[in-house]
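First the structure, in the form of structure tokens, and then the observations on it.
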Amino acid sequence: MKINEILRNCNVVKTVGTADREVTMLAFDSRKCVKDSMFFAVCGTQVDGHDYIAKAIENGAKTIVCEQLPVSFDADVTYVVVENSAKALGYAASEYFGNPSSKLRLVGVTGTNGKTTIATLLYRLFTEAGYACGLLSTIENIIDGKVIPSTHTTGDQLELNELLSKMVDVGCEYAFMEVSSHSVDQDRIAGLAFEGGIFTNLTHDHLDYHKTVAAYRDAKKKFFDNLPATAFALTNLDDRNGMVMLQNTKARKKTYSLLHDADFKAVVLESCFDGMKLRINGKELFTLLVGRFNASNILAIYGAASLLGMKEDELLCGVSKLHSAAGRFQMVYSKSGVIGIVDYAHTPDALKNVLDTINEIRTHNETLITVAGAGGNRDAAKRPEMADAAVTRSDRLIITSDNPRFENPEDIIAQMKAGVNGAFYNKVLCITDRREAIRTAAALAKKGDIILVAGKGHENYQDVKGVKHHFDDKEELENAFNEK
């Protein structure tokens, strides 16, 4: 493709050199440039791509897309100035890969909690109904049944469009993807054509990046602001920010709720560790998912599927067969009768939701032991809040290491413990080694007791000083039960 074809939908300010040049590939990493590639100088959070223009040219780039022209020019290179390089990369990537999102029914899910569950279960629901589908999620990317490992909640502009293009190539009709606040803020989803957007909730998270709750909220809102009139915007009325998401959207506005009148309304009739009985828009069904937060997730799934045209009988039957995503309220049972639960809850609100669910179901004649930590090099303000949420809802709390990354795990644990009221100190143990913490919980538990291991969920590694060591909470809990 030629430069002017690739950039046809980009806001070009100025072009220096010929636009009638063939391009072999797109890149925003100078190290990946090859002969005749187009390099996008993106201003990232860590580095500025403008500093690597010379390196990109040295590696073969013949087209440079930038926000500011370099001081010196290469006569054999075309320079294209745009207002926003990251946004231009999104639109260019979409064009380069044949606008794949416009050939799919693409639905994005955003919010603090529930993104993975909703996107994954929508994928499963439509796949089981016989449709070829794609999934872009935190846990994994799937193209019509073929699993591709995932490294980010939402990939970069090139990765997203390449994956969507592969979905189109194999005949996928639908695609469901998690949309992180980072990806919206960094214009990684620019140029994608969404048929629908879902908002789950907004609670304390990612303030290390966004700095304020308002900025975090506005990043989510930007996704809905950019939806076209042909799309639907489905929001959670039970979250105080739910209606904020719809304020400026052109999309069809739809709502779901457990507490208020809404387009999609549900009531929890019965709840146990094996599932829930729900009434959705007057129809009853049993779901294998557990807890009010999952009732809300089910509503979002039901609403989105309805808006995509799935028939009610097919939808009710399909929803009743869905089971939780990996590491989301995943049950593990010991031979001695201890109930284990592994969950990805890594924010104060998510931890509250999971523990409140357990406390609603349990008899309270047993002991509830929670094992939890907090990630390093992430929002530190939520650490004491997480410990407070856990200790006030558990009989015992073991504070341990999560993914310490480049921080001292003992420092993270100390910051968590600072959120524990002195009256609860006798309920708390601090064990830095996560494996030992899980084994200790198993050793303390008796028949009928409940252990919640929270924070890492589906992850099969522990990140320590930049090295990912194999570590799987479910696997570790099963091993601890077998040792007992």
Side-chain angles (χ1 to χ4, degrees), residues 90-91 93-95 97-111 114-137 140-146 148 154-155 157 159-179 183-184 188-200 223-235 245-246 249-256 263-264 297-319 322:
Y91 281 96
S94 183
E95 196 68 39
F97 285 101
N99 295 295
S101 61
S102 66
K103 299 169 184 175
L104 294 159
R105 304 186 73 181
L106 176 63
V107 176
V109 188
T110 195
K115 295 188 299 295
T116 301
T117 294
I118 292 171
T120 301
L121 297 191
L122 275 169
Y123 168 82
R124 291 179 185 169
L125 177 67
F126 278 81
T127 299
E128 287 298 316
Y131 299 97
C133 302
L135 172 68
L136 301 171
S137 80
E140 59 193 1
N141 300 318
I142 308 178
I143 301 175
D144 194 23
K146 182 181 178 182
I148 300 169
T154 310
Q157 296 92 324
E159 179 187 6
L160 286 174
N161 280 281
E162 184 175 11
L163 288 169
L164 290 169
S165 177
K166 290 178 179 178
M167 292 177 192
V168 172
D169 289 344
V170 298
C172 289
E173 299 175 65
Y174 297 87
F176 305 100
M177 70 176 286
E178 294 185 50
V179 177
S183 71
V184 179
R188 282 187 260 146
I189 60 169
L192 297 185
F194 287 93
E195 181 160 338
I198 303 169
F199 172 73
T200 62
F223 170 54
F224 293 92
D225 290 350
N226 291 332
L227 287 176
T230 53
F232 66 80
L234 178 62
T235 195
M245 299 297 143
L246 303 185
T249 188
K250 302 180 194 71
R252 289 175 290 135
K253 300 175 182 180
K254 298 293 180 178
T255 59
Y256 66 96
D263 294 299
F264 304 100
N297 291 337
I298 285 289
L299 254 187
I301 293 162
Y302 181 95
S306 294
L307 293 168
L308 288 170
M310 185 174 283
K311 294 179 181 178
E312 186 178 52
D313 289 346
E314 184 179 32
L315 177 50
L316 290 168
C317 181
V319 167
L322 296 174

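Only heavy atoms go into these numbers, but all of them, side chains included; no hydrogens, no water, no symmetry mates. Sequence positions, counted from 1, serve as the residue numbers for this chain.
For Ala300 against Ile118, the heavy-atom pair with the smallest separation is CB-CD1, 3.6 Å. Taking all atoms of both residues into account, the shortest heavy-atom contact from Gly145 to Ile142 is N-CG2, 3.5 Å. Closest of all the heavy-atom pairs between Leu160 and Met177 is CD2-CE, 3.9 Å. Closest heavy-atom contact between Phe194 and Ala231: O-CB, 3.5 Å. The nearest pair of heavy atoms linking Pro100 to Ser94 is CD-O, 3.8 Å. Contact between Ala93 and Asn161 at its shortest, heavy atoms only, is CB-ND2, 3.6 Å.
A distance of 11.0 Å separates CD1 in Ile301 from CE in Met310, rounded to the nearest 0.5 Å. Ile143 contributes atom CD1, which lies 9.0 Å from atom CG of Asp169 (distance to the nearest 0.5 angstrom). Rounding to the nearest 0.5 Å places OG1 of Thr235 at 5.0 Å from CG of Leu246. Atom OH of residue Tyr302 and atom CG of residue Leu315 lie 5.5 Å apart, to the nearest 0.5 angstrom. The distance from atom CZ of Arg105 to atom CG of Leu307, rounded to the nearest 0.5 Å, is 10.0 Å. Within the model, atoms CD of Glu173 and OH of Tyr131 stand 7.0 Å from one another, a figure rounded to the nearest 0.5 Å.
At least one side-chain heavy atom of Leu104 sits under 4.5 Å from a side-chain heavy atom of Val168. No side-chain heavy atom of Ile148 sits under 4.5 Å from any side-chain heavy atom of Glu140. Looking only at side-chain heavy atoms (C-beta outward), Phe223 and Ile189 come within less than 4.5 Å of each other. In this structure, Glu159 and Asn141 have side chains that are in contact, with non-hydrogen atoms separated by less than 4.5 Å. With a 4.5 Å cut-off on side-chain heavy atoms, Leu234 and Phe264 count as touching. In this structure, Thr110 and Ile198 have side chains that are not in contact, with every pair of non-hydrogen atoms separated by 4.5 Å or more. At least one side-chain heavy atom of Leu308 sits under 4.5 Å from a side-chain heavy atom of Glu195. Looking at Lys250 and Asn226, their side chains never come closer than 4.5 Å, going by heavy atoms from C-beta outward.
Here the side chain of Thr200 pairs no donor or acceptor atom with the backbone of Gly114 at under 3.5 angstrom. Remark: side-chain polar atoms of Ser183 are not paired, donor with acceptor, to backbone N or O of Val179 under 3.5 angstrom. No donor-acceptor pair closer than 3.5 Å links the side chain of Asp144 to the backbone N or O of Cys172. The backbone N or O of Tyr123 lies less than 3.5 Å from a partner atom in the side chain of Thr127, making a donor-acceptor pair. Without hydrogens or angle criteria, Arg188 side chain to Gly90 main chain gives no donor-acceptor distance under 3.5 Å. A donor-acceptor pair under 3.5 Å is absent between the side-chain atoms of Lys103 and the main chain of Ser165, judged by distance alone. Between the side chain of Ser101 and the backbone N or O of Ala193, at least one donor-acceptor pair lies under 3.5 Å. When atom types are taken as modelled, the side chain of Ser102 and the backbone of Asn99 share a donor-acceptor pair closer than 3.5 angstrom.
Every residue was checked against the salt bridge (charged side-chain N to carboxylate O under 4.0 Å, His left out) condition with Arg124, not counting sequence neighbours, and none meets it. For Asp225, the salt bridge (charged side-chain N to carboxylate O under 4.0 Å, His left out) test picks out Lys221, with sequence neighbours left out. For Glu312, the salt bridge (charged side-chain N to carboxylate O under 4.0 Å, His left out) partners are Lys283, not counting sequence neighbours.
A distance below 6.0 Å separates the ring centres of Phe126 and Tyr174.
Residue Glu178 forms a side-chain hydrogen bond (donor to acceptor under 3.5 Å, both in side chains) with just one option from Thr116, Thr120, Thr117, and that option is Thr116.
Residue Glu314 qualifies as enclosed at atom CD: its count of foreign heavy atoms under 6.0 Å is above 12.
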